[in-house]
Number of protein chains: 2
Amino acid sequence: MSIPSKSQNKREALVRATIKLVNNNGFHAAPMSKIAKMAGISPGTIYLYFENKQNLINQVYVEVKASFSDFAFMDYEEHFSVEKGFEKIWKNIAIFKLKEVEEAMFLSQCDNTPMIDEASRKEGLKHLQPLLDLWVRGQNEGIIKQVSPYMLYAFSIYPISFLMNMQQRDLYELSSTHVDEAYNMAWNSIKI
Amino acid sequence: MSIPSKSQNKREALVRATIKLVNNNGFHAAPMSKIAKMAGISPGTIYLYFENKQNLINQVYVEVKASFSDFAFMDYEEHFSVEKGFEKIWKNIAIFKLKEVEEAMFLSQCDNTPMIDEASRKEGLKHLQPLLDLWVRGQNEGIIKQVSPYMLYAFSIYPISFLMNMQQRDLYELSSTHVDEAYNMAWNSIKI
DNA sequence: TACATTAAAATGAACGTTCATTCATTTTTT
DNA sequence: AAAAAATGAATGAACGTTCATTTTAATGTA
């Protein structure tokens, strides 16, 4: 187990502060001075770790997306059956979106805003490949509908984001029963 | 047919300019001066129509949401069967999101950002009532799954937003065949 | 060990710019 | 000639970013 360097701590504090401030106030109301204050460092220090504000946001986006993907494929193995594999990934994503609310909300905001470079977006998308592979396998086995992966994603994964948003606005309470309900709807919408 | 007053024209021009600029650059890069220039009026004039920037954004949001809802229920009548009624509403929404891209993108950005007041959000949600009523009717008739309307929305309507986003980023081309495919998946996910 | 020297990291006041908003004045409409 | 609508330069606050200076860590010396 390695002791993180002070620099790592500062960078991490910056990333956390950025996520929190952008979540609460939006990009336009997350000034560098506030980010620095929340991270417990001086404004000037930000520029030792990031080129500028745009670069800070992009990097935070890519890192959060990576941590999301890591979570999504936790305990998933490619030799799983298509159905079991999908269930594992889907539920991982659901847990992430409902438990790691800060990170998930940040992603949802970034994914719907022009504030992220197209390059960083592409970068963030790469890690989802295993899910696409699983779907192709399912299609070859005649288990998964013969439609574009965008369609499969739209109807099975993307809905989780909506439920998270509603839960976050206290409009809807997602019990574990509801999560199972939602999983069944997701699987039902992509299986043949 | 009434001739719109000049004031109406100016207000409309402001609304259009706000939508376009927020879409292209995000809220943080849509300064009042640019909005005014794009609308062809002077910066000071904005304040004859809107209290301040926050108020401008909120009002534009509520108006676009209203225009979205009007579109959604176009040619829909409450005496339709549940299935026909849902198809009409769903396809209206799909047409809106794929054709009125500017407005749809603006909504998608607003719905995922803290830049909109909770009050304006509530206001914007009100107009969707007929769809909720239709779902309740469908549930009473044993046609629609006995789950929360949030769940039904998440799995049948919300996916359209994702497809619009992908289409907008030139990652996915939604032909009319794909729209029918998507409709079938939507109906399939909420029907019993 | 204790001190000296150098290098690296961090600071925060200062800078130039941009922004939302105002209001004395001008233009347009009644 | 009065009222209403529109203007746009001016204002002050806030922002992102810089850099001369200070603080902290690392290395060398005896």
Side-chain angles (χ1 to χ4, degrees), chain A residues 2-62 106 109-110 113-117 120, chain B residues 2-62 106 109-110 113-117 120:
Chain A
S2 67
I3 296 162
S5 71
K6 271 209 172 159
S7 302
Q8 277 297 348
N9 284 340
K10 291 224 166 93
R11 221 194 102 102
E12 274 177 37
L14 273 171
V15 169
R16 268 197 306 275
T18 303
I19 293 170
K20 189 160 270 183
L21 273 170
V22 169
N23 270 345
N24 290 338
N25 307 105
F27 184 61
H28 71 285
M32 297 298 252
S33 54
K34 269 193 197 168
I35 293 175
K37 184 169 280 179
M38 181 171 276
I41 66 173
S42 156
T45 310
I46 299 183
Y47 294 85
L48 301 176
Y49 297 90
F50 303 95
E51 226 178 273
N52 50 39
K53 193 177 179 183
Q54 181 65 52
N55 180 253
L56 165 65
I57 298 285
N58 282 330
Q59 290 215 45
V60 171
Y61 173 77
V62 169
F106 180 79
Q109 191 172 168
C110 291
T113 237
M115 78 193 187
I116 300 290
D117 289 348
S120 305
Chain B
S2 66
I3 294 163
S5 70
K6 273 214 171 150
S7 301
Q8 278 296 348
N9 284 342
K10 292 225 167 90
R11 220 194 104 101
E12 273 177 38
L14 273 171
V15 170
R16 269 197 305 275
T18 302
I19 293 170
K20 188 161 270 181
L21 273 169
V22 169
N23 269 346
N24 289 338
N25 308 103
F27 183 60
H28 71 286
M32 295 300 252
S33 54
K34 271 194 195 168
I35 294 175
K37 184 169 280 179
M38 181 170 277
I41 65 173
S42 157
T45 309
I46 299 183
Y47 294 86
L48 300 177
Y49 296 90
F50 303 95
E51 225 177 275
N52 51 39
K53 193 176 180 183
Q54 182 64 52
N55 181 253
L56 165 65
I57 298 286
N58 282 331
Q59 290 215 43
V60 171
Y61 173 77
V62 169
F106 181 80
Q109 191 172 166
C110 290
T113 238
M115 81 193 183
I116 299 291
D117 289 348
S120 306

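No hydrogens, no waters, no symmetry mates; every other heavy atom, side chains included, goes into these values. By convention in this document, chain letters (A, B, ...) are assigned in the order of the sequence lines, proteins followed by strands, and residues within each chain are numbered from 1.
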*Taking only side-chain nitrogens and oxygens of B:T45, does any of them come within less than 4.0 Å of OP1 or OP2 of D:dT7?*
yes

*Roughly, in whole Å, what's the span from CD1 in A:I35 to C1' in D:dC15?*
12 Å

*Measure the distance from OH on A:Y47 to P on C:dA10 and round it to the nearest whole Å.*
16 Å

*Separation of atom CG in B:N25 from atom P in C:dT18, rounded to whole Å*: 15 Å

*Any A:K10 side-chain N or O less than 4.0 Å from OP1/OP2 of C:dA10*: yes

*Would you please confirm or rule out a distance under 4.0 Å between OP1 or OP2 of C:dC19 and any side-chain N or O of B:K53?*
no

*Among A:V62, A:N58, A:L56, which residue meets the side chain to side chain contact (heavy atoms under 4.5 Å, CB included) test with A:V60?*
A:L56

*Nearest-Å distance, NZ (A:K37) to P (D:dA14)?*
12 Å

*Give the minimum heavy-atom separation between A:Q109 and B:P114, together with the two atoms involved.*
OE1-CD, 3.4 Å

*Atom CD of B:Q54 and atom P of C:dC19: how far apart are they, to the nearest Å?*
18 Å

*asked:* I want to verify a distance call: between D:dG16, D:dG8, D:dA5, whose nearest atom is closest to the B:L48 side chain?
replied: D:dA5

_Between OG on residue A:S120 and CD1 on residue A:I57, distance to nearest 0.5 Å_ = 10.5 Å

*Picking from C:dA20, D:dC15, D:dT17, which would you name as closest to the side chain of A:M32?*
D:dT17

*With sugar-phosphate meaning primed atoms plus P, OP1 and OP2, does A:I41 contact a base, only sugar-phosphate, or nothing at under 4.0 Å between heavy atoms?*
sugar-phosphate

*Counting side-chain heavy atoms from CB outward, which of D:dG8, D:dC15, C:dA20 is closest to B:P31?*
C:dA20

*Write down the distance between CZ (A:F50) and P (C:dA10), rounded to a whole number of angstrom.*
13 Å

*State whether the number of non-hydrogen atoms from other residues, nucleotides or ligands found under 6.0 Å of B:E51 atom CD is greater than 12.*
no

*May I have the distance from B:I46 (atom CD1) to C:dT22 (atom P), rounded to whole angstrom?*
12 Å

*asked:* Quick check with a 6.0 Å cut-off and a 45 degree axis cone: is B:K53 positioned over the face of B:Y47's six-membered ring?
replied: no

*Proximal nucleotide (of C:dT11, D:dC15, D:dA5) relative to the A:S33 side chain*: D:dC15

_Euclidean distance, atom NZ of residue B:K34 to atom P of C:dT18 [Å, nearest integer]_ = 10 Å

